[in-house]
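On a predicted model such as this, the values are computed, not experimentally measured, just so you know.
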Amino acid sequence: MQKKKLCLLLAMFTGSVNAADFESPLILPTEIAHTEVASQWAVGHYQNIKQANRVWNNYNIDIKLSPATISYLDYPYETIEEVSDNIKQMIANDPSIINNTLTTFASQVSNTTKGHARSPMGFEDLESMNNAQLILSADSVINSRYKFVYAHEVGHTFGAKHTEANTVGSTDALFKNAYGTKQCNAEGTTSLMSGFSSYNSANGLPFINGQAGCDQGSGDVVSLLNKTALAKEGLTDLTHVQTLAAVVREDINAQQFEVTLTRSKDIDNAQQAMVYVATKVSGKQQAALAPKEVWFSAGSKTATLTLPFDQVYPLFDNAASNQGTYLVAVTKDEVVPTDINLLDHNTQWPLNHDKKEGSGGSLSLFWVMMMSLVAYGRRKIM
């Protein structure tokens with residue numbers, strides 16, 4: 001506890017030098033455990049973390065997020081408001097349900113609110129509210145328009161607010177200016193923390209108050225996040241669960257992708273792993289596979305799962321423009337550190353898939369090589 005209080009005091013008077021590391025566990029309702037929706041959430045959570053890290057890196061904010069465990073809890077898959085009420089009651093009855101302020105819970109698609117997180121008003125609140133849940137609607141994992149909602153909600157958990165009016169009651173000077181604006185520059189650009197579900201962007205990333213290009217008023221979210229990052233780093237111990245390895249191999253003869261998982265924990269015992277595969281799609285096309293189970297034998301470090309082409313190719317076909325098809329693997333105490341794009345291991349689709357090109361994803365390795373050869377030939381002729 002003394003160490004935690006020391007970190008809070010240091011955060012008030014010093015700046016952080018290196019990015020502070022944080023983990024974000026995902027908790028899903030048991031009722032979707034064996035459905036495609038679970039895969040969309042697992043893959044979407046990894047994508048949300050990746051997008052948030054892009055934002056922090058771009059604006060020199062000292063936060064680095066990593067995925068953590070994916071587990072299930074028996075709560076109804078309902079609206080954000082209903083899930084929030086249910087989780088609050090469950091935490092009140094059993095505080096051990098959550099021990100990380102970035103623990104993310106899932107709710108259904110919403111017509112209004114896309115995310116919900118509590119926001120501290122000062123450094124004392126930062127500690128007392130450390131076990132508050134973060135809730136996202138399904139929009140954030142299936143609709144690319146809302147890909148920065150998770151980053152927005154993380155901003156709240158670190159103390160950022162929607163507007164200057166929301167900072168009334170702040171107990172520290174930094175928190176008084178930690179707000180977003182609907183117009184953060186003369187062009188009327190919307191900032192990340194403004195409370196909108198989609199944002200004007202710089203280089204594909206939302207603006208943040210406190211950085212050049214988003215300087216209307218006294219709003220300075222960047223300064224706050226760089227201070228509270230150091231404070232929060234001392235509040236939650238890292239679990240270091242990002243130790244599961246996954247290697248994908250395209251087996252053309254067997255017409256399947258072969259996924260080899262390698263674990264580093266609990267090797268003496270048999271253990272189940274779950275593999276999730278999903279993509280973002282346009283319309284109501286197939287977007288994911290139901291979660292796949294794979295078992296490690298007692299004493300074995302590796303386990304293998306096969307994904308037939310005829311199951312995966314429809315996801316390649318349906319993927320929205322510029323979207324990959326991603327794989328995530330987890331056990332109860334290990335996760336892969338980042339998602340894996342199956343298209344990066346593909347040479348057959350779309351070349352030999354019904355002799356047609358798919359609608360999304362990336363070019364296969366074969367076509368990249370062919371285009372390179374053609375370009376080289378043209379340069380040589382000229």
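- Judged by distance alone, the side chain of T69 and the main-chain N or O of S71 form no donor-acceptor pair under 3.5 Å.
- A 6.0 Å sphere centred on NZ of K292 holds more than 12 heavy atoms belonging to other residues, nucleotides or ligands.
- Side chains of D220 and S223: a donor on one and an acceptor on the other come within 3.5 Å.
- S119 places a side-chain N or O within donor-acceptor distance of the main-chain N or O of A160, the cut-off being under 3.5 Å.
- In this structure, CD on E81 lies 5.5 Å from OG1 on T112, to the nearest 0.5 angstrom.
- For the pair T228 (side chain) and F158 (backbone), a donor-acceptor distance under 3.5 Å is present.
- Between D333 and Q271, some side-chain heavy-atom pair lies under the 4.5 Å cut-off.
- Among residues two or more places apart in sequence or in another chain, the salt bridge (charged side-chain N to carboxylate O under 4.0 Å, His left out) test is passed with D125 by none.
- Cation-pi geometry between K232 and F22 is not satisfied (NZ or CZ under 6.0 Å from the ring centre, within 45° of the ring normal).
- Side-chain contact check for D310 versus Q255: every heavy-atom pair is 4.5 Å or farther apart.
- Counting only distance, with no hydrogens or angles, the side chain of T243 and the backbone of S264 share no donor-acceptor pair below 3.5 Å.
- For the residue pair I32 and Y77, the shortest heavy atom distance occurs at CG2-CD2, 3.9 Å.
- In this structure, F123 and K227 approach most closely via the heavy-atom pair CZ-CB, 4.2 Å.
- Screening N48, V37, L26 for a side-chain contact (heavy atoms from CB on, under 4.5 Å) with V141, the sole residue that qualifies is N48.
- Put simply, the side chain of N100 does not reach to within 4.5 Å of the side chain of S24, judged on heavy atoms.
- Side-chain atoms of S191 and T181, non-hydrogen and from C-beta on, do get closer than 4.5 Å to each other.
- Within the 4.5 Å cutoff, no side-chain heavy atoms of S140 are placed close to those of Y150.
- Relative orientation of the W349 and Y313 rings is tilted, given thresholds of 30° and 60° on the angle between their planes.
- Between the side chain of H116 and the backbone N or O of I135 there is no donor-acceptor pair closer than 3.5 Å.
- Among all heavy-atom pairs drawn from A287 and L315, the shortest one is C-CD2, 3.7 Å.
- A heavy-atom distance below 4.5 Å is found between the side chains of I70 and Y276.
- If you check the side chains of N86 and E78, you find a donor sitting under 3.5 Å from an acceptor.
- With rounding to the nearest 0.5 angstrom, the CD atom of Q256 is 11.0 Å from the CD atom of E250.
- For the atom pair CG of D172 and OG1 of T167, the computed distance is 12.0 Å after rounding to the nearest 0.5 Å.
- The backbone N or O of T325 lies less than 3.5 Å from a partner atom in the side chain of N341, making a donor-acceptor pair.
- With no hydrogens or angles considered, no side-chain donor-acceptor pair links N131 and T101 at under 3.5 Å.
- No side-chain donor from either of Q89 and D85 sits under 3.5 Å from a side-chain acceptor of the other.
- The aromatic ring centres of F309 and F257 sit less than 6.0 Å apart.
- Under 3.5 Å, the side chains of T30 and Y75 contain no donor-acceptor pair of N or O atoms.
- At least one donor-acceptor pair closer than 3.5 Å links the side chain of R263 to the backbone N or O of S300.
- Figure legend: K114 and Y146 shown as a cation-pi pair, the cationic atom lying under 6.0 angstrom from the six-membered ring centre and within 45 degrees of its axis.
- Residues N99 and T236 are not in side-chain contact: their nearest non-hydrogen atoms beyond the backbone lie 4.5 Å or more apart.
- Taking a 6.0 Å sphere around CG of N111, one finds it holds 12 or fewer heavy atoms contributed by other residues, nucleotides or ligands.
- The pair D139-R145 does not meet the salt-bridge criterion, since no charged nitrogen lies less than 4.0 angstrom from a carboxylate oxygen.
- In this structure, K161 contributes its side chain and G159 its backbone to a donor-acceptor pair below 3.5 Å.
- You'll find the side chain of D266 stays beyond 4.5 Å of the side chain of F296, heavy atoms only.
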Next on the checklist: Using the rule given for salt bridge (Lys or Arg N to Asp or Glu O under 4.0 Å), can you reason through K265 versus E334, listing the C-alpha separation, both sets of side-chain angles and the distance that settles it, and then say yes or no?
Outcome noted: CA-CA 8 Å; K265 300 178 181 178; E334 292 187 79; 5.7 Å; no
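- To the nearest 0.5 Å, atoms OG (S84) and CZ (F105) are separated by 10.0 Å.
- Not a single salt bridge (charged side-chain N to carboxylate O under 4.0 Å, His left out) links R54 to another residue, sequence neighbours left out.
- Here the side chain of N185 pairs a donor or acceptor atom with the backbone of G213 at under 3.5 angstrom.
- In this structure, the separation between NZ on K176 and OG1 on T171 is 7.5 Å, given to the nearest 0.5 Å.
- Checked against a 6.0 Å centroid threshold, the rings of Y59 and F207 do not count as neighbours.
- Evaluation of the side chain to side chain donor-acceptor pair (under 3.5 Å) rule for E31 yields no partner, not counting sequence neighbours.
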Item to check | Candidate pair V328 and V330, rule side chain to side chain contact (heavy atoms under 4.5 Å, CB included), full reasoning | outcome: CA-CA 7 Å; V328 166; V330 305; 4.2 Å; yes
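- For the pair Q133 (side chain) and I87 (backbone), a donor-acceptor distance under 3.5 Å is absent.
- For an aromatic pair to be called close, the ring centres must be under 6.0 Å apart, and H156 with H162 satisfies this.
- Put simply, CG on L342 and CG on N346 are 9.0 Å apart, with the number rounded to the nearest 0.5 Å.
- No side-chain donor from either of Q323 and S144 sits under 3.5 Å from a side-chain acceptor of the other.
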